[in-house]
Number of protein chains: 2
Amino acid sequence: MSATIKDIARKVGVAPSTVSRVLSNKSKYYTSETAEKVKAAARELGYKKNQAAVELVKKQSNVIAAVVSSVKTNFAGQIIDGIQSEASKHGYNLIVVYSNSASAEEQRKALLTVIERPVMGILLLSIALSDDNLKMLKESDIPYCFLSMGFDDDRPFVSSDDMEIGYEATKFLIDKGHRKIGLAAIDKYPYTGRLRLAGYSKALNEANIVPDNSWIQSGDYSYTAGESAMKAYGKDTDLTGIVAASDMAAIGALNEARNLGLRVPDDLSIISIDGTEMCQIVQPQLTSVSQDFYKMGVVGVQRIEESVVNKTASKDHQQLIPVHIYERDSTK
Amino acid sequence: MSATIKDIARKVGVAPSTVSRVLSNKSKYYTSETAEKVKAAARELGYKKNQAAVELVKKQSNVIAAVVSSVKTNFAGQIIDGIQSEASKHGYNLIVVYSNSASAEEQRKALLTVIERPVMGILLLSIALSDDNLKMLKESDIPYCFLSMGFDDDRPFVSSDDMEIGYEATKFLIDKGHRKIGLAAIDKYPYTGRLRLAGYSKALNEANIVPDNSWIQSGDYSYTAGESAMKAYGKDTDLTGIVAASDMAAIGALNEARNLGLRVPDDLSIISIDGTEMCQIVQPQLTSVSQDFYKMGVVGVQRIEESVVNKTASKDHQQLIPVHIYERDSTK
DNA sequence: GCAAGTTAAGCAAACGTTTGCGCAATTAGA
DNA sequence: TCTAATTGCGCAAACGTTTGCTTAACTTGC
């Protein structure tokens, strides 16, 4: 078994409490001479702190947990990068657990893994939590915050302004002179999709454009959803522009457009939502409404930190991160 | 504070030890009647096990830790999926920590996060560990296994056969009639790159082809490395086929080839190494030597399990996972 | 030279579990 | 009916830390 604080104490000829104080960098109660001896002994014995013991007595740790819906979403990486960087800056450690969004039982297990130990906060990355699991999370009294996902109730979250996303994307195409604009692969009913749809409608409305029902092709943000939407529009569509619900959906639509013999952007402009690096590796590169995922991670950590300090969620606990449009080669 | 086992004991009028036995599903030492009462009380009080306490006394947990080099690598997701699925099947939980490969200090922190608690095993996903950190890992006495990375010393690992990868990719092009074949964006010195290079050379050698120095463009497997390699080959290259070190490198080369006015596959065939979904979303779709990343994850968990059971690493602790070639549209 | 103040270091309790052991009550065997 | 085996359950120790309190030693001021 690994060496403990007592082994060090015995070796140096000092009390365990003193060793503890040295090793956890308390500023008082020992001489620098003792400190040196203790540290030397610790190194020599290959001492590793037993965090279980520490967390048991301190009832808190410096660990932030992130629960991620799936490995598939290609922006999760950027959010995690942001969390990691901000956490690291404050001396927190990050652990990530994955949970298949579909299964409530899997969600529960993932959540329990982090709730059952005294993590300082929980960040949920685009996870649609079941009611039971949400209840469990709330009851745990651990600060939490949803990332890249909004709600119309009082749950804390950090996300982009989905209404603005829908609005800006559509407006961008309108300003380029397009009048017939599709919305592809969006999931119309959940909060995010509803808001984007509302933004899309608002922009059209302001330009006195009345959308045809067929312009809106719902889907699940995936590559195949983009493909299907494009198939539904068809070769002879009178649309000249498309707002795609995600980068993957945009790529699906782009490839299918090519299959149909439509040239992007000459016959058809496509603007994508998300702005991950995917946009830059396809040809033509995709114009996008880019979300600042990295910043979401950073802000998420700050939210957790606030909750820990204030012992309560702050009032403005629902925060929107601005988006930016990057014009590339898929629109004209 | 959350309810403890003692609160339940008091409420039901029973000893804490009995509660513990009920809640951890011990098969004996209580009546089903007591069990019911205990479970009811636990539910009512919203009881959550304190894993820190459990781990402290048991000195082991059912948590497997994965250390990932970075969020950027697009195959890490597949490996994690495999780990997750196999772990879940055996009732283990998975936590993931990210570590920037570049910084030894970051690595150390990530490693400490998992070593300092009694995880049952550590999986390292394409992490080049510094000597100090490797030493620390070994001394921790926690079973570990490298994934998607091989070594010529005795460290346990699960990876593809990199020699075979280089060989098969090259042979595939040779069998298609190519004689002048480049190797792009590969890092020549580390074990992986060295082996792939050896496989490439072997295949050429068997076909009595003597490679020109300029055929091999080293790099770091990235998109830009693929781009640079293609730039180096140039518009007027006499190469007719290229083996790209990774999917991203292949896409970089593909896009640059288009910029140079070369048509793929008509003027130039490209075969990619990895076979992630990226291959299927670019145009033309990339022929690839596909690694079975999912399986690596699965086998990695099995390795950990063995080590835990046997209390020692098994003899054949370096395992190679077969690869498969998927012919798509970037070769002819 | 002595009281008061300061400092280093030790003692012991506490955190929430698990588990070996012991005891009492019940059941079985003869 | 008496002993032996079995069962349900409680007692208490243990896991490795942290930390409030106490003590001893040393310094300072007068």
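To find a chain, count down the sequence lines: A is the first, B the second, and so on, and within it residues start at 1.
OP1 or OP2 of D:dG16 has not a single side-chain nitrogen or oxygen of A:K48 nearer than 4.0 Å. An OP1 or OP2 oxygen of D:dT19 is reached within less than 4.0 angstrom by no side-chain nitrogen or oxygen of A:S17. Taking only side-chain nitrogens and oxygens, B:K49 comes nearer than 4.0 Å to OP1 or OP2 of C:dT18.
Base contact: B:K6 has a heavy atom under 4.0 Å from a base atom. Within the 4.0 angstrom heavy-atom criterion, only backbone atoms of the sugar-phosphate kind lie near A:T4; the bases stay farther away.
Taking only side-chain atoms of B:S20, from C-beta outward, the nucleotide of C:dT18, C:dA9, D:dT18 with the closest atom is C:dT18. When each of D:dT18, C:dC15, C:dT18 is scored by its nearest atom to the side-chain atoms of A:V54, the top-ranked nucleotide is D:dT18.
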N/O donor-acceptor pairs under 3.5 Å from side chains in residues 46-53 of chain A, not counting sequence neighbours:
unit_1: A:N50; atom_1: OD1; unit_2: A:A52; atom_2: N; d: 2.9
unit_1: A:N50; atom_1: OD1; unit_2: A:A53; atom_2: N; d: 3.2
unit_1: A:Q51; atom_1: NE2; unit_2: B:E116; atom_2: OE1; d: 2.8

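A residue-by-residue look at B:T18 and B:A53 shows that B:A53 has its nearest nucleotide of DNA chain C further toward the 5' end. When each of B:V57 and B:G13 is assigned the nucleotide of DNA chain D with its nearest heavy atom, B:G13 is the one assigned upstream, toward the 5' end. Nearer the 5' end of DNA chain D, as judged by each residue's closest nucleotide, is the contact made by B:Y30, out of B:K58 and B:Y30.
Atom pair B:N50:CG and D:dG16:C1' shows a separation of 14 Å (rounding to whole Å applied). Atom CD of B:Q60 and atom P of D:dA14 are 20 Å apart (whole Å). At whole-Å resolution of the value, CG in A:D7 and C1' in D:dT17 are 13 Å apart. Across the protein-nucleic acid pair, A:L23 atom CG and D:dT19 atom C1' stand 15 Å apart, rounded to whole Å. Rounded to whole angstrom, the span from the CZ atom of A:R10 across to the P atom of C:dA9 amounts to 19 Å. D:dG16 atom C1' lies 13 Å from atom CD of B:E55, rounded to whole Å.
For B:D7 and B:R10, the salt-bridge test passes: some basic side-chain N is under 4.0 Å from an acidic carboxylate O. Using a 4.0 Å cut-off between charged nitrogen and carboxylate oxygen, A:E139 and A:K135 count as a salt-bridge pair.
In this structure, A:H317 contributes its side chain and A:C145 its backbone to no donor-acceptor pair below 3.5 Å.
With sequence neighbours left out, A:A35 forms a side chain to side chain contact (heavy atoms under 4.5 Å, CB included) with A:V22, A:Y30. For B:D187, there are no salt bridge (Lys or Arg N to Asp or Glu O under 4.0 Å) partners two or more places apart in sequence or in a different chain. Among residues two or more places apart in sequence or in another chain, the side chain to side chain contact (heavy atoms under 4.5 Å, CB included) test is passed with B:Y191 by B:D152, B:R194, B:L195. For B:Q84, the side chain to side chain contact (heavy atoms under 4.5 Å, CB included) criterion is met by A:Y98, B:L94, not counting sequence neighbours. By the salt bridge (Lys or Arg N to Asp or Glu O under 4.0 Å) test, A:E86 is found to be paired with A:K89, residues two or more places apart in sequence or in another chain being considered. Taking A:K6 as the reference, nothing meets the salt bridge (Lys or Arg N to Asp or Glu O under 4.0 Å) condition, with sequence neighbours excluded.
Shown for residues 31-44 of chain A: residues whose heavy atoms fall under 4.0 angstrom of DNA chain C, namely A:T31, A:T34.
Residue pairs meeting the salt bridge (charged side-chain N to carboxylate O under 4.0 Å, His left out) criterion with at least one partner in residues 94-115 of chain A, sequence neighbours excluded, do not occur; the list is empty. The list of salt bridge (charged side-chain N to carboxylate O under 4.0 Å, His left out) pairs with a residue in residues 11-24 of chain A, not counting sequence neighbours, reads A:K11-A:E44.
Inter-axis angle, ends of the helix from C:dG1-D:dC30 to C:dA30-D:dT1, five pairs per end, rounded to 10 degrees: 40°.
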Exercise. What string of B, S and - do you get for nucleotides 21-27 of chain D 5' to 3' if you count protein non-hydrogen atoms under 4.0 Å?
Worked result: -------

